Trainee: 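Please see the structure below; I have some questions.
Small disclaimer: the values here were computed from a predicted structure and weren't measured. All chains are named by letter (A, B, ...) in the order of the sequence lines, taking the proteins before the strands, and each is independently numbered beginning at 1.
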Amino acid sequence: MPAASASAAAAPGVARIATTYREAVRAAIREALARDPRTFIMGEDVGRYGGCYAVTKGLLDEFGPERIRDTPLSESGFVGAGIGAALGGMRPIVEVMTVNFSMLCLDQILNTAATLRHMSGGQFSVPVVIRMATGAGRQLAAQHSHSLENWYAHIPGIRVLAPATLEDARGMLATALADPDPVVIFENVMLYNMAGEIAADAGAVDIDRASVRRAGRDLSLVTYGGSLWKTLAAADELAREGIEAEVIDLRTLRPLDDATIMASVRRTRRAVVIDEGWRTGSLAGEISARIVEQCFWSLDAPIGRVCTAEVPIPYPKHLEDAALPQVPAIVAAARAALGR
Amino acid sequence: MPAASASAAAAPGVARIATTYREAVRAAIREALARDPRTFIMGEDVGRYGGCYAVTKGLLDEFGPERIRDTPLSESGFVGAGIGAALGGMRPIVEVMTVNFSMLCLDQILNTAATLRHMSGGQFSVPVVIRMATGAGRQLAAQHSHSLENWYAHIPGIRVLAPATLEDARGMLATALADPDPVVIFENVMLYNMAGEIAADAGAVDIDRASVRRAGRDLSLVTYGGSLWKTLAAADELAREGIEAEVIDLRTLRPLDDATIMASVRRTRRAVVIDEGWRTGSLAGEISARIVEQCFWSLDAPIGRVCTAEVPIPYPKHLEDAALPQVPAIVAAARAALGR
Amino acid sequence: MSTAREAKPHLTRPHVLALLREMLRIRRFEERCAELYQQEKIRGFLHLYIGEEAVAVGVMQALLPEDAVVATYREHGQALARGVAMNPLMAEMYGKQEGCSRGRGGSMHVFDAATRFYGGNAIVGGGLPLAVGLALADRMQNRANVTACFFGEGAAAEGEFHESMNLAALWRLPVLFVCENNLYAMGTALAISESETDIRAKAQCYRVPSAVVDGMDVVAVEAAARAAVAAIRAGEGPQFLECRTYRFRAHSMFDAQLYRSKEEVERWKERCPIAQLSAWGRSVGLVHDADIAAMEAEIATEVQASVDFAEAGSWEPLSDLARDVTTPREAA
Amino acid sequence: MSTAREAKPHLTRPHVLALLREMLRIRRFEERCAELYQQEKIRGFLHLYIGEEAVAVGVMQALLPEDAVVATYREHGQALARGVAMNPLMAEMYGKQEGCSRGRGGSMHVFDAATRFYGGNAIVGGGLPLAVGLALADRMQNRANVTACFFGEGAAAEGEFHESMNLAALWRLPVLFVCENNLYAMGTALAISESETDIRAKAQCYRVPSAVVDGMDVVAVEAAARAAVAAIRAGEGPQFLECRTYRFRAHSMFDAQLYRSKEEVERWKERCPIAQLSAWGRSVGLVHDADIAAMEAEIATEVQASVDFAEAGSWEPLSDLARDVTTPREAA
Ligand SMILES: Cc1ncc(C[n+]2csc(CCOP(=O)(O)OP(=O)(O)O)c2C)c(N)n1
Ligand SMILES: Cc1ncc(C[n+]2csc(CCOP(=O)(O)OP(=O)(O)O)c2C)c(N)n1
Ligand SMILES: [Mg+2]
Ligand SMILES: [Mg+2]
């Protein structure tokens, strides 16, 4: 489990508390529910079970079954109902247990949530927040290990977030709920147990900017979500070889913050993108294409991609590990970008 | 409506017949049904109605309702049933009326069709062919104008085809049906009326290679599907300015034929990718990233992308046209790649 | 009709004339749309409601202004009957920015905040979850509103129908499900798409009370809708109304109608909801020839005015292409 | 039991012992799996069938070798009862390449071509359309096979349930739908997920004949399954069997079981299908203590052998990572 070492340095005088990614998300949900009577959460097993990943544990007792709403196994139905409730003046948080089940409600997200404002000529906005767990690494095999962030990042009309740090886990939800348009939040399953400290008064964070999690001059490593921590570990390893990598956490996958990426690449002149999606058609491809469009004349080397192998994720640990982006592959790609 | 000018030159002595893209697809379906008793077609309104785009018109009378099978409005149900029938020894052609409705069956395609062979350790293959109409241009507005080819091209375990010529409309189906794995075929709605001539004995074509539809030395224009004809028109216009563009029709979107693309770009040193998908997360991004990975040192300019504007497709013609890739934008991108 | 509360609408002369007028407005509006389609003023898909007017008009009588409506791509009738003004509706058909959806939606995506008209959905079944959500929002905010959700019998085969019916029933939400059973989904007859062709049996299996009504009889539809809406407002949860109707025209403008006979169509045309009400009205002396003539004249004027409005409307500038993809943020 | 053809299985001593043995094999296999999970030999999600053995064992009695089976992620019981060998099954749990799915699938994706066992599907409801298609293939190829499709009561809320039931009924396909109603979907009790908690009412609304059976009574399940399969083979189309059962263990290995009481679990444990059959068998003199002891010993040996087999198995080499994503093409 990664330690949350990239969290913002403690501001002097601000008390800090120990937390985990899971607790940070829960605190954000609890705060949202307490603040705004229009907010409620619905999804499979968010209530009595306490959430598949225990994120919503305890909330049913605190807020009751109207606002912590267990749904039947009906992804299209309850996600569509969340969209409708948003249209009707609520501020729903819909939990789709994992991205693996979200194809079942993708029509509602693409053809209703994302298009409704446009189709109605701007009459209606859809302020729904949809949370999903994402990612592989728990040996859950081919149907339960998807990283389909790029599918969602392809959709005009929605915003896509990937909190990778405790601060973002704690802070992105509030900002997402304040957004008048649909927001999809991807929580990487490998991060839920990540422990660390955050400011006791941590709250809403911006969702417009990518963040430089580590400064460096030699190359830019661009990533998001669960891969951030592997990338930071790779950067540490590279530092031991005297290579100073800059690590950019995209944070928001749609719309992408080109400015932060390009400013970095223009300085470092080399880039590697790390993405847990399958390589072909990955978000990494999009980032690479954008860098070429905007920084071609500054590039000293081809842009590398470290992605998931193009295979349904196998169950055995050694094969799953081999399929996913890992620190050695990131280090190797960085070296290659530097011609070493 | 484009004329099918990029069709292979007539071989001497082979009779040629007039046809349309629609008729070519129909001829391919009829031939498949006649040849293999395991083949049948199912989908919404393929029978009595004659197909939403009249592709299957007349087949019900010829083959009867068991093999030209009208389905209820149940995309997940009948696509899943097609997958099951393939497992059970049939060679089904499933028609999803348009890609716009395919989110409703995407779970079956991703989590069953594409993964079943892998999950079963190679015991079962899924020889299903799924056809879908795709693309905008008919003023069908936000929910009926999608080009989601890149979503499908992202999925390991399936093959994705985009016939753009009469020969490919006529020939790809047979090859797809011979493929032991799931194949998704995208037919661009703007091509159905395209008329031209093909060899009277036209039949199966390979589905492994991209095709150079126009040779040229100055830059490579890489495209597929409905955009091929706009790209060829742009190449003609460029030729009048003395710019000789090579036009590559990808034909198969998964797996991509890198060899043909890279051979061209290594010669021309410049590339523009034309893709009707929304820009962010498009297949064009993937192609661009691959070119950078494989040809960076041969490139004399950044790779251009001409894609659909990131907006749900608007109904009015002038706005729809403005949203989609058009000849002037392709010409402009080509000029830009040449520094003009 | 199955519910006990069924109350015959009060068939005063003004009410009968109002019902007749609403149906006629839809009919004449759409007839004109069909012409405009031939003239290529209207493009894309155009699905006419002609023949089914009694359903929308009858149901809307039961709704209050605060109620919500969710419809399909065949929604001009619902829009007009709900009170969406004809001028912006016609401008929408043209794609002009004076249209009710600023021209962005066209025929299939009519929206109108003023009348709580939530589309206009071209994904079969796609509106049902939305209606459930709107009703949930009303319930959670303690508003006594009803959401009326229209859909075709073809939609009943979709998984979303199943999920939405169950959710609405499970949570006892104020949804009026209105199934417009016109016997065909494009070219697919009910018996080709449903193992159980009695649509009401479906509603029952979610414990949603249901009624079946002659969808060619606007008075019957109104009565059934009023009963259902009364039950909903009384807190009895969702209600289901199957309206047996028929579309006189093709599914859309691209349909050779190979799947049904001319005779069948003609038989149903004899049950035209407008002709029926008009004939009955005359027979009981509530409607006179002069009423019809006056109505026709007024509607012709209204329709023509809407065409003039649409013609005079403007195209949204290209510079606005990316407008309304997301909601503009207030400058901070 | 609702069908007329219901035929009591012939309760000979060998048959009773066979039923007992099959249930016991599943029980002991899974108890060992739970231990192996604690030892981190088995990873990922592990869903135990303990308590529900009578359902799989009872249903499988009615099937022939040519029939097909589609199951869920909770499918060890179905796999063993269907005849998937224990050694490759255990090796699959380990992820070894000697596993029945070459180790690629693990606990949730057991496949076996030899017994026409088509998984092992971790998408709730995802197997139903597949079963419909397998049955369609059999029908189109004039094979008299049946496809048995297992799913939980939670799956009945999914749209795919609705679409699949309708398709199977509409086309009169030879599918035996087996609903394992264990009252909970993860932590969601039936009444929280269904407006109609009588699952049979759902089947009826597609005109699919249905029966409800005590899923803790293997003989009752066998009888009901035989009747249903006979009806299917007689060309009467799909049949639906609701088996009322209970899982004694947590949903998966990550479940604090906050949603049900210990007392409830204990009450159901008193109806353990193995204990019941064993007690009844003894009471009528068909089963003796020595039988049980011998059986336990044999099964212990078999389970241990499977563990040894799995332990001795090998990891697929990393160089094989991309294997079986697509089917290898014959070199031309
Ligand atoms: C999910 C989906 N599948 C297919 C279509 C294509 N389609 C449009 S209308 C239609 C028929 C719908 O029939 P029904 O629900 O009975 O409504 P009607 O048109 O008869 O009013 C079909 C198949 C679609 N729009 N959406
Ligand atoms: C489409 C989908 N949604 C959610 C899940 C997560 N999930 C796995 S099992 C399960 C409960 C299923 O309950 P039921 O169908 O009753 O089967 P049981 O586990 O009781 O045997 C859930 C919600 C899933 N695997 N697939
Ligand atoms: Mg209909
Ligand atoms: Mg259950």
Trainee: Residues in side-chain contact (heavy atoms from CB on, under 4.5 Å) with Leu190(C), at least two apart?
Mentor: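 Result, side-chain contact (heavy atoms from CB on, under 4.5 Å) vs Leu190(C): Glu153(C), Asn181(C), Ser193(C), Glu194(C), Thr197(C), Ile199(C).
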Trainee: Tell me the residues of residues 117-152 of chain C whose non-hydrogen atoms fall below 4.5 Å from those of chain D, in number order.
Mentor: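 The list, in residue order, is empty: none.
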Trainee: Who pairs with Asp214(D) by salt bridge (charged side-chain N to carboxylate O under 4.0 Å, His left out), at least two apart in sequence or on another chain?
Mentor: Arg271(D)
Trainee: Counting only non-hydrogen atoms closer than 4.5 Å, can you tell me which residues of residues 158-174 of chain D sit against chain C?
Mentor: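 Residues of residues 158-174 of chain D touching chain C at under 4.5 Å: Glu158(D), Gly159(D), Phe161(D), His162(D), Glu163(D), Asn166(D), Ala169(D), Leu170(D).
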Trainee: Check each atom of Ala156(D) against the heavy atoms of chain C and say whether the ones under 4.5 Å are side chain, backbone, both or neither.
Mentor: backbone
Trainee: Might you point out which heavy atoms bring Cys205(D) and Cys205(C) nearest each other, and give the distance in Å?
Mentor: SG-SG, 3.1 Å
Trainee: Checking Ser195(C) side chain against Arg207(D) main chain: does a donor-acceptor pair fall under 3.5 Å?
Mentor: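 Here the side-chain-to-backbone pair does not exist.
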